[in-house]
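Hydrogens, waters and symmetry mates play no part in the numbers below; they use all other heavy atoms, side chains included. We number each residue from 1, following the sequence as shown.
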Amino acid sequence: MTEFKLVGHQNTYQIENIIRLYDKYLKDVYIISILKDNTCRAEIYDNNNLIVYKEEKSPKDPKLQKQKLASVLYKALVEVTKKEMPWGFLTGIRPTKIVHELMEEKLNEEEIKKQLINFYYIREDKANLMIEVAKKEKEILDKNKDNEISLYIGIPFCPSKCLYCSFTSYAIDNRQNLVEDYLDALEKEILFSKEYLKDKYIRSLYIGGGTPTSLNLNQLERLLIQINKSFFIEELDEFTVEAGRPDTITREKLNLLKQYNVDRISINPQTMDNDTLVRIGRKHSKEEIIEAFYMAREAGFDNINMDIILGLPGEDTKNVSYSMSEIKKLSPDSLTVHTMAIKRASRLSESLEEYSLIDEDKVEKMLDITYQAAISMGMKPYYLYRQKNMLGNFENVGYSKVGKESIYNIQIMEEKESIIALGAGAITKLVYKDTNRIERIPNVKNVYEYIKRIDEMILRKESLLQYE
Ligand code: SF4
């Protein structure tokens, strides 16, 4: 990565992230970010020669000061590279939080847009997207009750590990004893949470992973019975189960999910191209996706999400057009579009040289194809987030038909209420609204460790939750 130095401040994280956006456009330069004598300044050197500098008066507020340091650096980088970024100097993963803050300051839509474009240098189409999503989110967030929380339960097993996956997930084959031990430990955590949550209102419950439907019928029923016995499931506004891999879906499991009050599922093709499915390590075909989808409709699911990923190895815009035309025939209720992110913990990151990844112009075209397809299915964007190391530094967007927006997805993005998370790798987030503070309580990721140390996980939760 391009070398840099900070003078007069320690804002390493943000400065490094902005430089990382430009890394591939920079060659042999050295950057200094300076806060001195009430001035924010960025200097870019080539062979010890100062080639560009930008400086502006520093605000007194430390938060605004940080933003000013980022902004002068961004302007200097644009001048050197002649390259503007769609998201300006924004590197955070929850861009819509800014819009919510500006809405709380009572700015109108035009003023918010101006601020996004003129202050953060966000491109107009992205600013419009942010505002549209934030308005939709607000409709849902405004209904949050005081004693409300969301609940997450993780099942870290899948039929096989996808090429790009960095989640806590174990191939389930030949691990039946481990699954049983995991469910024993998880039950302990559920029983602890039952006590803590008895006076709370759970609005949304999400079972994710992994692929929860990798569990066999008995295991799945065992989990659903425990959940239905422990929490007031009838009062939920939303109960989602990830059924991501069609090779884990059977008619019996779908009926079981329905019987135990699950009202939203996610069937995630990622692509409808059979060759790509093989390449990314999925052990199912496009035809199985279609079959699983119709089976779910027959079982009575009227809220089905589908996920796709843009920029999968070997895919071009024509593959995305094809996937979208196939998905359109199914007409799911929501669609989540991810731009591929190269995660350090994935197999893809270890074998990158074997794959050629597409450039940002192609990613942008793919985003447009999915946007057009979502609109033509009667959907609108309702949630949005960004990740590190995404191809082209774009975004992930959730689209949905009216009334089919996932409440849980919005809660996790906007962090307006606490989320109690159970299972290996699950991270509980406590939101302290009065002080605007968030405290995280992570469980260990490793399933063997989680099982061994379940009492410790529960004690840790208990000691922090008592102050909530
Ligand atoms: S289905 Fe999801 S959790 Fe499972 S291996 Fe693939 S990406 Fe990972």
Engineer: Just so I know, are the side chains of Gln67 and Tyr120 near enough to count as touching, which here means a heavy-atom distance under 4.5 Å?
Structural biologist: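 Yes; the side chains approach each other to less than 4.5 Å.
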Engineer: Is any NZ, NE, NH1 or NH2 atom of the basic residue among Arg347 and Glu350 found under 4.0 Å from an Asp or Glu carboxylate oxygen of the other?
Structural biologist: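 No, Arg347 and Glu350 are not salt-bridged.
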Engineer: Does anything in residues 160-173 form a side chain to side chain donor-acceptor pair (under 3.5 Å)? List the pairs, not counting sequence neighbours.
Structural biologist: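 Side chain to side chain donor-acceptor pair (under 3.5 Å) check on residues 160-173 returns Ser160-Arg245.
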Engineer: Closer than 4.0 angstrom, basic N to acidic O: yes or no for Arg297 and Asp333?
Structural biologist: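 A salt bridge links Arg297 with Asp333.
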Engineer: Only one of Asn144, Thr96, Asn409 passes side-chain hydrogen bond (donor to acceptor under 3.5 Å, both in side chains) with Glu414; say which it is.
Structural biologist: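 With Glu414 as partner, Asn144, Thr96, Asn409 yield a single side-chain hydrogen bond (donor to acceptor under 3.5 Å, both in side chains), made by Thr96.
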Engineer: Using side-chain heavy atoms (C-beta onward) and a distance below 4.5 Å, is Ile304 in contact with Ser266?
Structural biologist: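 Result no, sub-4.5 Å side-chain heavy-atom pair not found.
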Engineer: Measure the spacing between CD of Gln219 and CD of Gln176 and express it to the nearest 0.5 Å.
Structural biologist: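 Between atom CD of Gln219 and atom CD of Gln176 there are 4.5 Å.
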Engineer: Tell me whether Tyr383 contacts the main-chain N or O of Asn396 through its side chain, where contact means a donor paired with an acceptor under 3.5 Å.
Structural biologist: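 Flag not set: sc Tyr383 to bb Asn396 has no pair under 3.5 Å.
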Engineer: For residues Glu242 and Pro212, report the shortest heavy-atom separation together with the two atoms involved.
Structural biologist: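 Looking at all heavy atoms of both residues, the closest pair is O-CD, 3.0 Å.
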Engineer: Between Lys114 and Glu124, is there a side-chain N and carboxylate O pair less than 4.0 Å apart?
Structural biologist: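 Looking at Glu124 together with Lys114, the answer is no, because their closest N to O distance does not fall below 4.0 Å.
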Engineer: One thing to verify: whether Lys461 and Glu189 come together as a salt bridge, which I'm taking to mean a side-chain N less than 4.0 angstrom from a carboxylate O.
Structural biologist: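 Yes, Glu189 and Lys461 are salt-bridged.
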Engineer: Is the shortest side-chain N to carboxylate O distance from Asp316 to Lys318 below 4.0 Å?
Structural biologist: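 So Asp316 does not pair with Lys318 through a salt bridge.
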Engineer: Between Ser376 and Lys328, does any side-chain donor sit less than 3.5 Å from a side-chain acceptor?
Structural biologist: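 Side chains of Ser376 and Lys328: pair found under 3.5 Å.
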Engineer: The test is side-chain hydrogen bond (donor to acceptor under 3.5 Å, both in side chains); show your working for Tyr260 and Glu221 and say whether it passes.
Structural biologist: CA-CA 9 Å; Tyr260 288 99; Glu221 181 157 33; 2.9 Å; yes
Engineer: Could you tell me if Ser400 and Ser334 have a donor-acceptor pair between their side chains, going purely by distance under 3.5 Å?
Structural biologist: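 There is no such pair (donor and acceptor under 3.5 Å, judged by atom type) between the side chains of Ser334 and Ser400.
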Engineer: Does this structure show an ion pair linking Glu360 with Lys365, if we count only N-O contacts that are shorter than 4.0 Å?
Structural biologist: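 Lys365 and Glu360: not salt-bridged.
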Engineer: With the threshold set at 4.0 Å, does a side-chain nitrogen-carboxylate oxygen contact exist between Lys138 and Glu132?
Structural biologist: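 No salt bridge links Lys138 with Glu132.
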Engineer: Would Lys63 and Glu101 pass as an ion pair if we require N to O under 4.0 Å?
Structural biologist: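 Salt bridge between Lys63 and Glu101, a charged N being under 4.0 Å from a carboxylate O: yes.
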Engineer: If you compare all heavy atoms of Leu391 against all heavy atoms of Thr339, which two are closest, and at what distance to 0.1 Å?
Structural biologist: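 Where Leu391 meets Thr339 most closely, the heavy atoms are O-CG2, 3.4 Å.
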Engineer: Which one of Asn108, Leu107, Ile112 satisfies the side chain to side chain contact (heavy atoms under 4.5 Å, CB included) criterion with Glu110?
Structural biologist: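 So, applying the side chain to side chain contact (heavy atoms under 4.5 Å, CB included) to Glu110 and each of Asn108, Leu107, Ile112, only Asn108 qualifies.
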Engineer: What are the two closest heavy atoms between Ile233 and Asn228, and how far apart are they?
Structural biologist: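 What the structure gives for the nearest pair is CG1-CA, 3.7 Å.
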Engineer: Are Asn305 and Asp307 close enough that a side-chain donor and a side-chain acceptor fall under 3.5 Å?
Structural biologist: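 Their side chains do contain a donor-acceptor pair, which is all the 3.5 Å distance test asks for.
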Engineer: Would you please say whether a donor-acceptor pair under 3.5 Å links the side chains of Ser418 and Lys200?
Structural biologist: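 No, because no side-chain N or O of Ser418 sits under 3.5 Å from a partner of the opposite role on Lys200.
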Engineer: Can a donor-acceptor pair be found between the side chains of Tyr121 and Lys75 at a distance below 3.5 Å?
Structural biologist: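 Yes, because at least one side-chain N or O of Tyr121 sits under 3.5 Å from a partner of the opposite role on Lys75.
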Engineer: Does the pair Arg123/Glu364 count as a salt bridge with the N-to-O cut at 4.0 Å?
Structural biologist: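 Result for this pair is yes, salt bridge flagged.
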Engineer: With distance as the sole criterion, is a donor-acceptor pair present between the side chains of Glu315 and Thr276 under 3.5 Å?
Structural biologist: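 The answer is yes; a qualifying pair exists.
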Engineer: For a side-chain hydrogen bond (donor to acceptor under 3.5 Å, both in side chains) check, start with the C-alpha distance between Ser323 and Lys286, then their side-chain angles and the critical distance, and finish with the verdict.
Structural biologist: CA-CA 9 Å; Ser323 291; Lys286 166 194 105 173; over 6 Å; no
Engineer: Parallel, tilted or perpendicular: which fits the ring planes of Tyr152 and Tyr206, with parallel below 30° and perpendicular above 60°?
Structural biologist: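 Parallel: the ring planes of Tyr152 and Tyr206 meet at under 30°.
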Engineer: Determine whether the side chains of Ser285 and Asn274 contain a donor N or O and an acceptor N or O closer than 3.5 Å.
Structural biologist: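 No.
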Engineer: Got a second to check how far Leu223's CG is from Asn218's CG, nearest 0.5 Å?
Structural biologist: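 Going from the CG atom of Leu223 to the CG atom of Asn218 covers 12.5 Å.
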Engineer: Does any N or O in the side chain of Asn319 come within less than 3.5 Å of the main-chain N or O of Asp273, such that one atom is a donor and the other an acceptor?
Structural biologist: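 Side chain of Asn319 to backbone of Asp273, a donor-acceptor pair under 3.5 Å: no, none is there.
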Engineer: I'd like to know if the side chain of Thr211 and the backbone of Ser214 have a donor-acceptor N/O pair within less than 3.5 Å.
Structural biologist: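 Here the side-chain-to-backbone pair does not exist.
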Engineer: Ion pair present between Glu148 and Arg203, side-chain N to carboxylate O less than 4.0 angstrom?
Structural biologist: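 Looking at Arg203 together with Glu148, the answer is yes, because their closest N to O distance falls below 4.0 Å.
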Engineer: Taking all atoms of both residues into account, what is the closest heavy-atom pair of Ala421 and Thr428, and its distance?
Structural biologist: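 In this case the closest contact between Ala421 and Thr428 is N-OG1, 3.0 Å.
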Engineer: Would you name the heavy atoms of Ala127 and Lys113 that are closest together and state the gap between them?
Structural biologist: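 Minimum heavy-atom contact is CB-CG, 4.4 Å.
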Engineer: Ion pair present between Lys433 and Glu417, side-chain N to carboxylate O less than 4.0 angstrom?
Structural biologist: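 No salt bridge links Lys433 with Glu417.
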